[in-house]
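Have a look at the structure below before the remarks.
Every chain is numbered from 1, with letters handed out A, B, ... down the list of sequences.
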Amino acid sequence: MLQQTPVVRVLPVWEEWLRRWPSPAHLAAEASGEAVRHWGRLGYPRRALRLHAAAVAIVERHDGDVPGNHAELLELPGVGSYTAAAVAAFAFGRRETVVDTNIRRVHARLFSGTALPSQSLTAAEMRLAAELLPADVGLSVRWNAAVMELGAVVCTARAPKCAECPVRGACAWLAAGEPPPSYTPKGQSWHGTDRQVRGAVMAVLRLADSPVAPEMFHQPPADLGFEADGIGVPLAALHRLNSAPEQLERALTGLVSDGLAELHLGGLRLPA
DNA sequence: AATACGTGGCC
DNA sequence: TGGCCAAGTAT
């Protein structure tokens with residue numbers, strides 16, 4: 001849930017999930033669509049799909065217990081290098097080289113003297129992080145948490161609080177006079193994109209309690225906003241995008257091929 | 001390596 | 001207001 005998503009937005013959803021599905025086996029017993037539905041508006045709903053698939057894999061391959069080592073975690077759907085390391089370190093107390101966006105930024109400023117880390121995670125960054133990691137297991141866990149927290153709270157992407165930074169005396173970027181980034185990150189476009197349409201369609205499917213006819217997406221009924229099953233609002237939002245028919249079609253087929261939606265009785269619904 | 005993939009808060 | 005950015009992963 002935390003992948004690319006701020007903690008404060010994750011917390012309430014995470015709590016509801018753990019109340020509803022206290023163990024991997026509970027989640028694995030559900031249809032994948034229920035995971036997607038209760039993902040709510042966290043974004044990147046394929047993560048919900050993968051989390052559900054991970055629960056299934058944990059039941060099948062690990063007798064329902066989350067594995068504690070990096071290699072086995074990495075085999076789980078939706079678990080990459082960062083998540084495997086973070087779970088092994090923070091949930092199981094292992095000594096792992098955790099490298100997330102916060103740690104990358106701290107290292108970039110302290111050691112490289114640059115405002116931002118490189119655009120992609122490099123082998124050199126991993127090497128540096130591995131070298132910095134304390135040998136003691138307990139210390140290494142605290143180190144990972146501390147560096148990550150420093151990046152999240154003090155050494156932030158925008159307006160870093162250098163005046164209250166505990167390691168400002170050792171910062172290469174500060175010493176260099178806070179040079180601006182050497183590149184401008186290419187922003188993720190949103191307005192008018194397929195992603196925007198996909199998001200709007202998913203908002204409809206999450207609220208629908210029965211398959212939604214394709215015509216509902218392509219031709220809005222005049223009385224939108226008064227739909228009996230409550231999908232009028234997200235449906236109206238979708239139509240407000242005024243996207244081209246082929247773009248809408250591309251979004252729908254994309255969602256189906258991604259496993260986020262399925263055709264049933266001529267309509268579209270979350271996977272049952 | 002580059003690209004696709006949601007959402008909402010902040011400045 | 002529009003772009004930036006957030007505990008990344010898969011292809």
Side-chain angles (χ1 to χ4, degrees), chain A residues 1-14 35-54 57 70 73-91 96-108 115-123 125-126 129 141 143-153 155-160 180-181 183-206 234 237-238 241 247 250-251 253-261:
Chain A
M1 287 177 176
L2 289 166
Q3 294 166 359
Q4 296 283 282
T5 307
V7 177
V8 288
R9 198 177 309 160
V10 164
L11 266 176
V13 181
W14 175 75
V36 174
R37 190 186 308 279
H38 293 282
W39 194 253
R41 304 188 63 79
L42 276 187
Y44 291 150
R46 50 176 56 174
R47 293 182 298 167
L49 225 42
R50 291 179 182 144
L51 194 43
H52 176 269
H70 189 281
L73 284 163
L74 199 52
E75 292 299 310
L76 299 175
V79 176
S81 159
Y82 159 73
T83 302
V87 171
F90 302 133
E96 300 284 338
T97 304
V98 179
V99 179
D100 79 323
T101 187
N102 292 300
I103 291 178
R104 295 188 65 212
R105 187 173 54 250
V106 170
H107 288 171
L116 298 174
S118 54
Q119 304 197 49
S120 59
L121 179 57
T122 65
E125 284 181 84
M126 288 302 294
V141 173
W143 175 267
N144 282 324
V147 180
M148 200 179 301
E149 197 70 1
L150 182 66
V153 175
C155 194
T156 52
R158 287 173 304 193
Y183 66 94
T184 50
K186 42 186 167 216
Q188 318 164 343
S189 56
W190 174 247
H191 291 287
T193 63
D194 289 4
R195 296 167 66 178
Q196 187 183 29
V197 180
R198 284 169 59 111
V201 171
M202 288 304 298
V204 174
L205 296 185
R206 280 197 305 268
L238 170 64
L241 298 180
Q247 184 179 41
R250 195 165 57 240
T253 57
L255 290 173
V256 171
S257 68
D258 283 354
L260 284 166

To the nearest 0.5 Å, atom OH of A:Y82 lies from atom CG of A:L121 at 13.0 Å
Reckon A:R195 touches a base, only the sugar-phosphate, or nothing at all at heavy-atom distances under 4.0 Å?
base
Does a side-chain N or O from A:K186 land closer than 4.0 Å to OP1 or OP2 of B:dT3, or not?
yes
Hey, is the side chain of A:T101 pairing donor to acceptor with the base of C:dG8 inside 3.5 Å?
no
Between C:dA10 atom C1' and A:E75 atom CD, what is the distance in whole Å?
14 Å
Just checking A:V8: base, sugar-phosphate only, or nothing, at a heavy-atom cut-off of under 4.0 Å?
nothing
Where the side chain of A:S120 is concerned, which of B:dA1, B:dT7, C:dG3 is the nearest nucleotide?
B:dA1
Let me know, please, whether A:R158 or A:Q3 comes out on the 5' side of the other along DNA chain B by nearest nucleotide.
A:Q3
Contact class for A:L121 vs. all strands (heavy atom < 4.0 Å): base, sugar-phosphate, or nothing?
nothing
Considering every strand and a 4.0 Å limit on heavy-atom distances, what is the contact class for A:R206: base, sugar-phosphate, or nothing?
sugar-phosphate
Please report the distance separating the P of B:dG8 from the corresponding atom of C:dT9, rounded so that it comes out in whole Å.
22 Å
To the nearest 0.5 Å, what is the distance between CG on A:D100 and CE on A:M148?
4.0 Å
Interatomic distance, CG@A:N144 vs OG1@A:T97, rounded to 0.5 Å, equals 7.5 Å
Quick check: on DNA chain C, is the nucleotide nearest A:P77 upstream (toward 5') of the one nearest A:R105, or the reverse? Name the residue that is more 5'.
A:R105
How long is the gap from NE2 on A:H70 to OG1 on A:T83, to the nearest 0.5 Å?
9.0 Å
Remember a base hit wins even if backbone is also touched, and classify A:G80 as base, sugar-phosphate or nothing at under 4.0 Å, heavy atoms.
sugar-phosphate
Under 4.0 Å between a side-chain N or O of A:R46 and OP1 or OP2 of C:dG8?
no
Over all strands shown, is A:R9 touching base, sugar-phosphate only, or nothing at heavy-atom distances under 4.0 angstrom?
base
Does a donor on one side chain and an acceptor on the other come within less than 3.5 Å for A:S189 and A:R195?
no
Atom CZ of A:R198 and atom CG of A:L260: how far apart are they, to the nearest 0.5 Å?
6.0 Å
Whole angstroms only, please: what is the CG-C1' distance between A:N102 and C:dG8?
12 Å
Find the distance A:L42:CG to B:dG8:C1' and express it as a whole number of Å.
11 Å
A:R104 near the nucleic acid: base, sugar-phosphate alone, or nothing, with a heavy-atom cut-off under 4.0 Å?
nothing
Please determine, for the side chain of A:R41, which listed nucleotide (C:dT9, C:dA6, B:dG8) has the closest atom?
B:dG8
Need one value for A:A86: base, sugar-phosphate or nothing, where a base atom within 4.0 Å counts as base even if backbone is also close, heavy atoms only.
nothing
What interatomic distance, in whole Å, is found between C1' of B:dA1 and the corresponding atom of C:dA6?
23 Å
Regarding A:Q188, tell me which of base, sugar-phosphate or nothing describes its non-hydrogen contacts under 4.0 Å with the strands shown.
base
Between C:dA10 (C1') and A:Y44 (OH): distance, integer Å:
12 Å
Rounded distance in Å - CZ (A:R50) to C1' (C:dG8):
10 Å
Would you mind reading off the distance between A:L11 atom CG and B:dT7 atom P, rounded to a whole angstrom?
19 Å
Any idea which of C:dC5, C:dA6, C:dT9 is nearest the A:T83 side chain?
C:dT9
Please work out if A:R198 contacts a base, only the sugar-phosphate, or nothing of the nucleic acid, heavy-atom cut-off 4.0 Å.
sugar-phosphate
Between C1' of C:dC5 and CH2 of A:W190, the distance in whole Å:
15 Å
For the atom pair OG1 (A:T5) and CD (A:Q3), what is the distance rounded to the nearest 0.5 Å?
8.0 Å
Write down the distance between CG (A:L74) and P (C:dT9), rounded to a whole number of angstrom.
9 Å
